[in-house]
Amino acid sequence: MNAKTSQGKPARVRFAPSPTGLTHMGSARTALYNKLLAEQSGGAFILRIEDTDQKRFVAEAEADLTSSLRWLGLDWDEGAGVGGPHDPYYQSQRMAIYREHAEELVGKGKAFYCFCTPEELAEARKAQQAAKQQPHYPGTCRDLDSETAAQRVADGETHVIRFKSPKEGSITVHDRLRGDITVENRTIDDKILVKSDGHALYHLAAMVDDHLMEITHVLRGEEWLASLPLHAHIYEAFGWQQPEWVHLSVFLKPSGKGKMSKRETAEMKLTGQSIFVNDLKDLGYLPEAVINWIVLMGWSYDDRTEFFTMGDLVEKFSLDKLNPSPAAIDFKKLDHFNGLHIRALDEKELSARLLPFFEAAEIDADPDLVAKITPLIQARITTLDDAPEIAAFFFKDTIEVSDDDLIGSKMTAAESAAALQRAFEILDVLPAFDTASMKAPMRAVADELGLKAGQLFGLLRNVVTGQQVSPPLFESMEIVGKATVMARITNAIQRLEAIGS
RNA sequence: GCCCCCAUCGUCUAGGGGACUAGGACGUGACCCUUUCAAGGUCAAGACCGGGGUUCGAAUCCCCGUGGGGGCACCA
């Protein structure tokens, strides 16, 4: 009864979001697992847009979705925007198909026309709740004479089509992650298949499309688990073979207490964190890191390997290693993976990815200069967005140094001025203004003045970069260039002398 | 209220009867390296929700409890 798609056979899988909001990491993970399954089996990854609810439609949602997916590298083989053998891939354009299938069920006695009004149903629901019963369809039209019902429909009476769910016995469905799940049929409601506006509901549309599109594995969120028995009944009513069902665990908020709420999602942005894919991109996270992060929430490879590229995952991903328990979001771990992947990038690539972030920080960054500083900051940034801050002084004509920073650690103003003076003299006569030429002579200066290297270098760092934290001093000075470095030192000496007098 | 799912360090997880003095990672602390900050290296603290079974033996299997999560729309 359960569709047993053997490993190795090409998997046709789909990611089927509804365009009602921005794409978040939960959706991204579902899409990722689908993509991996398709990719590793030589199958197809399909993007289907479930836009049957025009009331909840959000115009920007689809563009946000496709840009998120593409940025993550989760391109689809068939579906919205790219077409394919089962066009169209927008459910709003498949109304006739659903209607036809719903009628087929009515004809088989597996579904029925229902003329109850929303008001009547609301009232019934209220009464049921008052009686502490599970809200359910009262069954008013379930056993209407089929010919008269058909006549009322033909006469244009407003109606919906409901699934005639079996009331006796039980059903056992198999989930790849959770095993067999058995429920009593009486707990399954007569769900609406086609609304009075003619649009199908998820329960019908998704089942029909998954069958027609020859989907082999349905990977979806755990929130669908409760309706799995209903879906299995619908498959059976049509006489179709079920796909392999895989219900993925949900993501919990960082505290581990419940799902992210709308309000919490908004508050999170204030702290520089977000669950939305495009926000993560703007925050300076690498798609490689985001992928690595989310793939491990609910899946693992072994007891030690955690660094994965998309290529690794296509090779190593397996449904067997999925974990059914909910996972709390940990942004610290995202930072960790981002650092790992930043360091794994080659310099040219990193440099290119850094450019937009300098631009966003309103720094007019010359690509050649960025290329030069990239190796200096590669191990020092955790997000791309950190770069403009740590490297700002490379791009400024003037830097700001406070009076306090003009004076070296455990030194007086006069000592600081003298140290800078001596450093200036040595630097000025160097055969080449580069790291290799500077290092030894500058250490000698420190010795000569009875200073620790850290004291002298720290002072120079303040004076030359305007920062207490910076990339390595001499490498930085080499890039800033002799003229600017010497000017900054001279300026500092002058200010120190003014302070002293 | 009813139905379903889940349960190992703070967090993500390995573990599928003996290899467990329960492994890895993030985070935390210490140390090393070191011109700052990172990165890197070493070490440390830190968990099997509770109770019953089954078994020679249980983190692993079963039951109950508890806790957490999801669902019960003419939303998806």
Side-chain angles (χ1 to χ4, degrees), chain A residues 16-20 50-53 55-56 114 116-118 121-122 125 128-129 131-136 158-162 175 177-178 181-184 186-189 191-199 201-203 205-206 220-229 247 249-250 252 254-259 293 296-307 321 323-337 339 343 377-382 386 390 409 439 442-443 446 452-462 465 467-474:
Chain A
S18 66
T20 53
E50 311 225 319
D51 54 351
T52 52
D53 186 4
K55 283 199 290 285
R56 296 203 309 153
C114 170
C116 297
T117 65
L121 295 172
R125 192 159 26 238
Q128 289 160 356
Q129 276 165 346
K132 304 231 164 172
Q133 279 183 306
Q134 179 175 2
H136 63 278
T158 301
H159 65 281
V160 300
I161 298 177
R162 282 183 185 272
D175 177 85
L177 264 173
R178 299 153 209 275
I181 298 166
T182 301
V183 293
E184 297 298 318
R186 60 179 161 73
T187 65
I188 304 170
D189 206 4
K191 288 292 182 188
I192 293 177
L193 264 20
V194 179
K195 296 190 270 186
S196 55
D197 68 0
H199 277 283
L201 247 28
Y202 178 92
H203 302 304
R220 54 169 17 176
E222 191 185 349
E223 61 270 24
W224 291 113
L225 195 57
S227 40
L228 177 57
H247 291 87
S249 62
V250 293
L252 269 26
S255 66
K257 296 185 183 356
K259 291 205 294 190
W293 181 47
L296 287 174
M297 298 181 69
W299 176 83
S300 61
Y301 175 63
D302 59 17
D303 66 346
R304 51 196 67 257
T305 319
E306 292 214 318
F307 182 90
K321 303 288 287 182
N323 184 324
S325 47
I329 299 167
D330 182 3
F331 288 99
K332 283 273 175 47
K333 197 126 187 183
L334 205 215
D335 282 341
H336 170 249
F337 281 123
R343 276 168 257 136
I377 63 173
Q378 183 155 213
R380 279 166 244 271
I381 54 176
T382 84
D386 290 340
I390 192 176
S409 164
K439 234 170 194 164
M442 293 309 284
R443 281 188 183 279
K452 283 189 175 173
Q455 283 178 288
L456 208 219
F457 298 171
L459 176 58
L460 275 169
R461 182 187 315 282
N462 285 341
T465 72
Q467 298 175 187
Q468 292 186 332
V469 171
S470 81
L473 180 63
F474 301 123

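In what follows, chains carry the letters A, B, and so on, assigned in the order in which the sequence lines appear, proteins first and then strands, with residues in each chain numbered from 1.
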**Item:** A:Q129 CD - B:rC3 P separation (whole Å)
**Value:** 16 Å

**Asked** Starting at NE2 of A:H336 and ending at C1' of B:rU28, how long is that distance when rounded to a whole Å?
**Response** 14 Å

**Item:** Distance in angstrom units between A:F331 CZ and B:rC26 P, rounded
**Value:** 19 Å

**Asked** Can you tell me how far P in B:rU60 sits from the matching atom in B:rC6, rounded to whole Å?
**Response** 15 Å

**Side-chain ion pair, A:R178 and A:E222, N-O less than 4.0 Å** = yes

**Message:** Rounding to an integer number of angstrom, what distance separates B:rC49 and B:rG68 when you compare their C1' atoms?
**Reply:** 11 Å

Can you tabulate the close N/O pairs, meaning under 3.5 Å, that link protein atoms to atoms of nucleotides 31-40 of chain B?
{"unit_1": "B:rU35", "atom_1": "OP1", "unit_2": "A:R443", "atom_2": "NH2", "d": "2.1"}
{"unit_1": "B:rU35", "atom_1": "O2", "unit_2": "A:R461", "atom_2": "NH2", "d": "2.3"}
{"unit_1": "B:rU36", "atom_1": "O2'", "unit_2": "A:Q468", "atom_2": "O", "d": "3.3"}
{"unit_1": "B:rU36", "atom_1": "N1", "unit_2": "A:R461", "atom_2": "NH2", "d": "3.3"}
{"unit_1": "B:rU36", "atom_1": "O2", "unit_2": "A:S470", "atom_2": "N", "d": "2.9"}
{"unit_1": "B:rU36", "atom_1": "O2", "unit_2": "A:S470", "atom_2": "O", "d": "3.0"}
{"unit_1": "B:rU36", "atom_1": "N3", "unit_2": "A:R461", "atom_2": "NH1", "d": "3.3"}
{"unit_1": "B:rU36", "atom_1": "N3", "unit_2": "A:S470", "atom_2": "O", "d": "2.6"}
{"unit_1": "B:rU36", "atom_1": "O4", "unit_2": "A:P472", "atom_2": "N", "d": "3.2"}
{"unit_1": "B:rC37", "atom_1": "O2", "unit_2": "A:R380", "atom_2": "NH1", "d": "3.3"}
{"unit_1": "B:rC37", "atom_1": "N3", "unit_2": "A:R380", "atom_2": "NH1", "d": "2.3"}
{"unit_1": "B:rC37", "atom_1": "N4", "unit_2": "A:R380", "atom_2": "NH1", "d": "3.3"}
{"unit_1": "B:rA38", "atom_1": "O2'", "unit_2": "A:A379", "atom_2": "O", "d": "2.5"}
{"unit_1": "B:rA39", "atom_1": "O4'", "unit_2": "A:A379", "atom_2": "O", "d": "3.2"}
{"unit_1": "B:rA39", "atom_1": "O3'", "unit_2": "A:R343", "atom_2": "NH1", "d": "2.9"}
{"unit_1": "B:rG40", "atom_1": "OP1", "unit_2": "A:R343", "atom_2": "NH1", "d": "3.0"}

**Between B:rC6 (C1') and A:K257 (NZ): distance, integer Å** = 16 Å

**Request:** Classify the nucleic acid contact of A:K452 as base, sugar-phosphate or nothing, counting any heavy atom under 4.0 Å across all strands shown.
**Result:** nothing

**Fill in**
To the nearest angstrom, the CG-C1' distance between A:D330 and B:rG10 comes to 10 Å

**Donor-acceptor contact present, side-chain A:D175 to main-chain A:L177, <3.5 Å** = yes

**Asked** Base, sugar-phosphate, or nothing for A:L201, non-hydrogen atoms under 4.0 angstrom?
**Response** sugar-phosphate

**Request:** Could you give the distance separating B:rC20 and B:rC12 at their P atoms, to the nearest angstrom?
**Result:** 25 Å

**Message:** Using only modelled atom types and a 3.5 angstrom limit, is any donor from either the side chain of A:R178 or the base of B:rC5 paired with an acceptor on the other?
**Reply:** no

**Asked** Expressed as a whole number of Å, how far does the P atom of B:rA7 sit from that of B:rA25?
**Response** 24 Å

**Request:** Could you tell me whether the side chain of A:R220 and the main chain of A:L225 form a donor-acceptor pair under 3.5 Å?
**Result:** no

Between the protein and nucleotides 70-72 of chain B, which nitrogen or oxygen pairs come in under 3.5 angstrom?
{"unit_1": "B:rC72", "atom_1": "O2'", "unit_2": "A:P135", "atom_2": "O", "d": "3.3"}

**Item:** Nucleotide B:rC12, atom C1' - distance to CZ of A:F337 in whole Å
**Value:** 8 Å

**Message:** Check this one for me: any side-chain N or O of A:K332 less than 4.0 Å away from OP1 or OP2 of B:rU28?
**Reply:** no

**Prompt:** Nearest 0.5 Å, what's the CG-CG distance between A:L201 and A:L193?
**Reply:** 8.0 Å

**Fill in**
Nearest-nucleotide check on RNA chain B, A:G256 vs A:L121; residue mapping nearer the 5' end is A:G256

**Complete:** Comparing nearest nucleotides in RNA chain B, the 5'-proximal residue of the pair A:P254, A:Y202 is A:P254

**Request:** Go through the N and O atoms of the side chain of A:S196 and the base of B:rC74, and report whether any donor-acceptor pair is under 3.5 Å.
**Result:** yes

**Request:** Whole angstrom is fine here: how far is it from CG in A:L177 over to P in B:rC6?
**Result:** 9 Å

Can you tabulate the close N/O pairs, meaning under 3.5 Å, that link protein atoms to atoms of nucleotides 13-19 of chain B?
{"unit_1": "B:rU13", "atom_1": "OP1", "unit_2": "A:G298", "atom_2": "N", "d": "2.7"}
{"unit_1": "B:rA14", "atom_1": "OP1", "unit_2": "A:S300", "atom_2": "OG", "d": "3.2"}
{"unit_1": "B:rA14", "atom_1": "OP2", "unit_2": "A:N323", "atom_2": "ND2", "d": "3.2"}
{"unit_1": "B:rG15", "atom_1": "OP1", "unit_2": "A:K321", "atom_2": "NZ", "d": "2.9"}

**Item:** Check: A:D53 and A:K195 side chains under 4.5 Å, non-hydrogen atoms
**Value:** yes

**Request:** Please tell me if the side chains of A:H247 and A:W224 come closer than 4.5 Å, counting only heavy atoms from C-beta onward.
**Result:** yes

**Asked** Step by step, would you call A:E223 with A:K259 a salt bridge (charged side-chain N to carboxylate O under 4.0 Å, His left out)?
**Response** CA-CA 11 Å; A:E223 61 270 24; A:K259 291 205 294 190; 5.5 Å; no

**Request:** State the CZ-CG distance between A:R443 and A:L456, to the nearest 0.5 angstrom.
**Result:** 10.5 Å

**Asked** Given the P atoms of B:rG16 and B:rG10, what is the spacing between them in whole Å?
**Response** 23 Å

**Request:** May I have the step-by-step check of side chain to side chain contact (heavy atoms under 4.5 Å, CB included) for A:H203 and A:I192, ending in yes or no?
**Result:** CA-CA 8 Å; A:H203 302 304; A:I192 293 177; over 6 Å; no

**Request:** Could you tell me whether a side-chain N or O of A:Q129 sits under 3.5 Å from a main-chain N or O of A:P135, the two making a donor and an acceptor?
**Result:** no

**Request:** Using the P atoms only, state how far B:rG71 lies from B:rC9, rounded to an integer number of Å.
**Result:** 25 Å

**Asked** Distance between the C1' atoms of B:rC37 and B:rC43, in whole angstroms?
**Response** 23 Å

**Prompt:** What distance, rounded to whole Å, do you find between the two C1' atoms, one in B:rG1 and one in B:rG50?
**Reply:** 26 Å

**Item:** For atom NZ of A:K333 and atom C1' of B:rU11, their distance in whole Å
**Value:** 8 Å

